[in-house]
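To start, I am sharing the structure in question, which I have written as structure tokens.
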Amino acid sequence: MNSIGFMLAYMNTMNYGDDLRGYKGIAFGVGLIVSLIILIPYVFDRIAQSKFSSDGWARILIFPCVWTGIWTIFLFSWPLGDWGNYAFTLLNYEEIMQLASFAGLGGINFILSWSGPIGSDIIYYHVTNNQNSSMPTTSTGSVVVDEISIENNSTDTVLRHPPTRTPKRSLTLPTFINSLSIYIFVLFLVITYGSIRLNTSFIPFYQKSIKETFPQELVNFGCVIGNSDNQIDDYMSYVNLTQNLAISGNKIILWSEGVAGIFNETDLNSLYESIRNISISYNVYIGFTYLDATNHPNTTIYNKQVVINNKGDVVIDYKKSNLVPFVEANFITKGNNKLQTFQSEDFGIIGSAICFDFDFPKLIGQAPSKKVNLMLDSSDTWGKYRPVGPLHARMNSIRSIENGFTIFRCNSDGVSGIWNQYGQPLHYIPTANTNTTTFQVPINVVKNRVKTVYSVFGETFGWICVGGIGIYLIVIVVAIKGSDQWKARIIHWS
């Protein structure tokens with residue numbers, strides 16, 4: 001098959017990829033794997049309940065630790081990246097999602113899964129036990145009968161139980177300090193941390209006027225949106241749209257993913273030269289995308305994103321490195337999983353990646369070490385019949401929370417916009433029935449970079465939980481195979 005045949009086949013696959021026609025078995029398999037993942041921490045928890053102390057720390061910490069560890073492993077080995085990660089069930093709780101700036105998705109997974117054993121602990125060990133303890137018992141556990149009268153031949157016989165001894169109580173914590181109160185306190189700290197970040201990010205803590213808060217001018221960012229039907233259009237039509245946006249005063253112009261298909265060197269050189277002329281003439285940064293099928297002998301296709309600065313220099317030449325399994329992987333050649341960046345005059349350090357790349361912390365996590373201020377995200381979401389587009393845009397915004405940069409996203413058949421360093425949308429709109437759109441934001445907000453704990457330690461918390469799984473397995477083996485002395489120690493420690 002020649003390169004044009006590959007291109008047409010790829011376009012056709014992209015057109016129907018959103019409903020996974022022909023991939024029903026794969027979709028079922030993915031769902032089954034995710035379901036089995038959930039069972040793993042549950043099995044570990046059941047073993048812990050039977051082998052460890054019934055009133056120790058293990059009964060409430062094993063499940064969230066194993067849950068977090070398992071999802072951390074999958075985050076870096078799962079071919080879908082963070083797709084399917086349960087941490088995103090809390091996307092609507094912005095204050096809790098700010099925990100990602102401290103501990104990443106691992107911290108959010110821990111908070112989410114910790115609520116399960118806490119609720120179970122309260123119901124089983126407190127509510128149930130309190131109900132059972134409402135009847136008086138002896139020290140051996142038998143029910144006390146205070147007085148029973150039996151009438152026999154006009155003689156009253158009274159049976160009285162011997163007085164019981166009140167056992168000495170060992171030193172314990174106050175009754176209000178239990179697993180629930182500890183969880184509520186931790187959750188309070190998480191929400192407080194998130195609230196402080198959100199309420200002091202865009203507007204300063206001490207009140208100022210709008211002019212004092214945003215002393216610099218507003219800057220225009222423009223999007224060129226590709227054909228939503230994934231048809232191969234003349235690339236010059238998109239060049240003309242780019243020029244119109246440049247004339248309108250946009251300082252950065254970005255194309256959505258895979259806008260044009262390039263089949264020969266002549267068209268490739270013409271595309272580069274046209275974009276270079278626009279960037280120089282109008283002093284604008286331009287990020288354009290295309291499917292590169294110019295390598296005829298090997299029928300190799302690359303999903304490319306190229307950025308030309310306002311001087312006409314190619315500063316980023318990136319090939320998409322994280323390909324969507326079963327769709328792109330069948331047609332596209334994978335690029336180098338290395339984040340490319342450049343120093344701009346007006347916006348600090350700019351980096352770029354393509355759509356699915358933002359689901360992989362291994363790539364985007366390189367941004368803090370390169371001190372990235374702004375990330376360019378060219379995307380093409382296929383969810384015309386499902387809410388994948390809005391969901392994916394919100395999922396990608398967690399990378400800005402983790403790493404403290406701004407995201408400029410241009411997305412065909414999805415949601416385009418600008419998200420600040422705290423994952424908050426400064427401006428966004430659905431871009432399904434338009435060729436271009438423009439966003440206007442304060443330049444000082446866009447170029448700021450926020451230092452985060454995550455940018456230094458990454459998913460360290462999640463990997464600590466992975467190490468905890470290893471320790472837990474060793475302890476379980478000792479609890480089953482070890483001597484009575486070791487078993488007693490394990491019960492005492494847990």
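Throughout, numbering of the chain's residues begins at 1 and tracks the sequence. All of these numbers come straight from a predicted model, not from anything done at the bench.
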Sub-3.5 Å donor-acceptor pair from the side chain of N85 to the main-chain atoms of A87, do we have one?
yes
pair M97-I108: side-chain heavy atoms closer than 4.5 Å:
yes
Counting only N and O atoms by type, is there a donor-acceptor contact under 3.5 Å from the side chain of T434 to the main-chain atoms of T431?
no
I need the minimum non-hydrogen distance between P442 and L218, along with the two atoms involved.
N-CD2, 3.5 Å
List the atom of V306, the atom of V314, and the distance in Å for their closest heavy-atom pair.
CG1-CG1, 3.9 Å
For E459, check salt bridge (charged side-chain N to carboxylate O under 4.0 Å, His left out) against everything at least two apart and list the hits.
none
Is the backbone N or O of C65 less than 3.5 Å from a side-chain atom of T68, with the two atoms forming a donor-acceptor pair by type?
no
So does G423 get a backbone contact from the side chain of N420, meaning a donor-acceptor N/O pair under 3.5 Å?
yes
Looking at K320 and E257, is any side-chain nitrogen of the basic one under 4.0 Å from a carboxylate oxygen of the acidic one?
yes
May I ask you to decide whether D82 forms a salt bridge with R399, counting only side-chain N to carboxylate O separations under 4.0 Å?
yes
Measure the spacing between CG of N322 and CD of E328 and express it to the nearest 0.5 Å.
10.0 Å
When the aromatic ring centroids of W255 and Y235 are compared, is their separation below 6.0 Å?
no
Surrounding CZ of F360 (heavy atoms of other residues, nucleotides or ligands, distance under 6.0 Å), is the total greater than 12?
yes
Apply ring-ring contact (aromatic ring centres under 6.0 Å, His included) to the pair W67 and Y42, showing each step before the final yes or no.
CA-CA 9 Å; W67 175 284; Y42 177 78; over 10 Å; no
N/O donor-acceptor pairs under 3.5 Å from side chains in residues 186-195, not counting sequence neighbours:
{"from": "T192", "atom 1": "OG1", "to": "F188", "atom 2": "O", "distance (Å)": "2.7"}
{"from": "Y193", "atom 1": "OH", "to": "S101", "atom 2": "OG", "distance (Å)": "2.7"}
{"from": "S195", "atom 1": "OG", "to": "I191", "atom 2": "O", "distance (Å)": "2.8"}

I'd like to know if the side chain of Q98 reaches the main chain of I401, judged simply by a donor and an acceptor atom lying under 3.5 Å from each other, with no hydrogens or angles considered.
no
Are side-chain heavy atoms of T452 and E402 found at a separation under 4.5 Å?
no
Between the main-chain N or O of P117 and the side-chain N or O of S120, is there a donor-acceptor pair closer than 3.5 Å?
no
Taking the side chain as every heavy atom from C-beta outward, state whether T333 and I301 have any pair of such atoms under 4.5 Å apart.
no
Using the rule given for side-chain contact (heavy atoms from CB on, under 4.5 Å), can you reason through T294 versus F263, listing the C-alpha separation, both sets of side-chain angles and the distance that settles it, and then say yes or no?
CA-CA 5 Å; T294 58; F263 304 101; 5.9 Å; no
Residues I62, Y472; criterion side-chain contact (heavy atoms from CB on, under 4.5 Å); working and verdict:
CA-CA 8 Å; I62 290 297; Y472 171 71; 3.5 Å; yes
No-hydrogen, no-angle side-chain donor-acceptor test under 3.5 Å, S321 and N337
yes
Closest non-hydrogen atom pair, I407 against F358:
CD1-CE2, 4.1 Å
Spatial distance of atom CD1 (I253) from atom CD1 (I278) [nearest 0.5 Å]
7.0 Å
Is a side-chain N or O of N403 found less than 3.5 angstrom from the main chain of F405, in a donor-acceptor match?
no
Under a 3.5 Å threshold, yes or no: a donor from one side chain and an acceptor from the other, between H392 and D359?
yes
Just by distance, no angles: are the side chains of R276 and N309 close enough, under 3.5 Å, to form a donor-acceptor pair?
no
side-chain hydrogen bond (donor to acceptor under 3.5 Å, both in side chains) between S379 and D377, intermediate numbers included:
CA-CA 6 Å; S379 295; D377 178 6; 2.8 Å; yes
Which atoms form the tightest heavy-atom contact between I73 and S77, and what is the distance?
O-OG, 2.7 Å
Less than 4.5 Å apart, side chain to side chain, heavy atoms only: is that true for I354 and T289?
no
Partner residues of F74 under the ring-ring contact (aromatic ring centres under 6.0 Å, His included) criterion, sequence neighbours left out
W78
Point-to-point distance, once rounded to the nearest 0.5 Å, from OG of S455 to NZ of K371
11.0 Å
Please enumerate all residues that pass disulfide bond (SG atoms under 2.5 Å apart) together with C465, with sequence neighbours excluded.
none
Between Y285 and S344, is there a side-chain heavy-atom distance shorter than 4.5 Å?
yes
Separation of L376 CG from Q340 CD (nearest 0.5 Å):
12.0 Å
What distance separates N310 CG from E345 CD, expressed to the nearest 0.5 Å?
4.5 Å
Any side-chain heavy-atom pair of Y318 and D357 under 4.5 Å:
yes
Going from CG on N373 to OG1 on T341, what distance comes out if it is rounded to the nearest 0.5 angstrom?
10.0 Å
Work out which heavy atom in H427 is nearest to a heavy atom in T438; give both atom names and the distance.
CE1-O, 4.2 Å
If you apply the rule side-chain hydrogen bond (donor to acceptor under 3.5 Å, both in side chains), what do you find for Q421 with S400, and how did you get there?
CA-CA 5 Å; Q421 304 86 348; S400 65; over 6 Å; no
I want to check something: taking the side chain as every heavy atom from C-beta on, are T406 and V445 in contact at a cut-off of under 4.5 Å?
no
Determine whether the aromatic ring centres of F347 and F221 lie less than 6.0 Å apart.
yes
Return the minimal non-hydrogen interatomic distance between L245 and T437, and the atom names on each side.
CD2-O, 4.5 Å
Is the shortest heavy-atom distance from the side chain of N303 to the side chain of D292 under 4.5 Å?
no
Between N269 (side chain only) and E265 (backbone N and O only), is there a donor and an acceptor less than 3.5 Å apart?
yes
So, the side chain of N396 versus the backbone of A393: is there a donor-acceptor pair under 3.5 Å, distance only?
no
Measure the acute angle between the ring planes of Y183 and W114, then classify it against the limits of 30° and 60° as parallel, tilted or perpendicular.
perpendicular
With ring centroids as reference points, do F457 and F461 lie under 6.0 angstrom apart?
no
Qualifying residues under side-chain hydrogen bond (donor to acceptor under 3.5 Å, both in side chains), relative to W71, sequence neighbours excluded
none
Give a yes or no answer on whether the side chain of N264 reaches the backbone of T266 with a donor-acceptor pair at less than 3.5 Å.
yes
My understanding is that only residues two or more places apart in sequence, or in another chain, count here; which of them pass side-chain hydrogen bond (donor to acceptor under 3.5 Å, both in side chains) with D317?
K304
Could you walk me through whether Y86 and T89 pass the side-chain contact (heavy atoms from CB on, under 4.5 Å) check?
CA-CA 6 Å; Y86 270 76; T89 60; 4.3 Å; yes
Would the number of heavy atoms belonging to other residues, nucleotides or ligands and lying under 6.0 Å from NZ of K370 be above 12?
yes
Working for side-chain contact (heavy atoms from CB on, under 4.5 Å), residues V259 and Y290
CA-CA 5 Å; V259 161; Y290 62 97; over 6 Å; no
Above 12 or not: heavy atoms from other molecules or residues under 6.0 Å from CZ of F102?
no
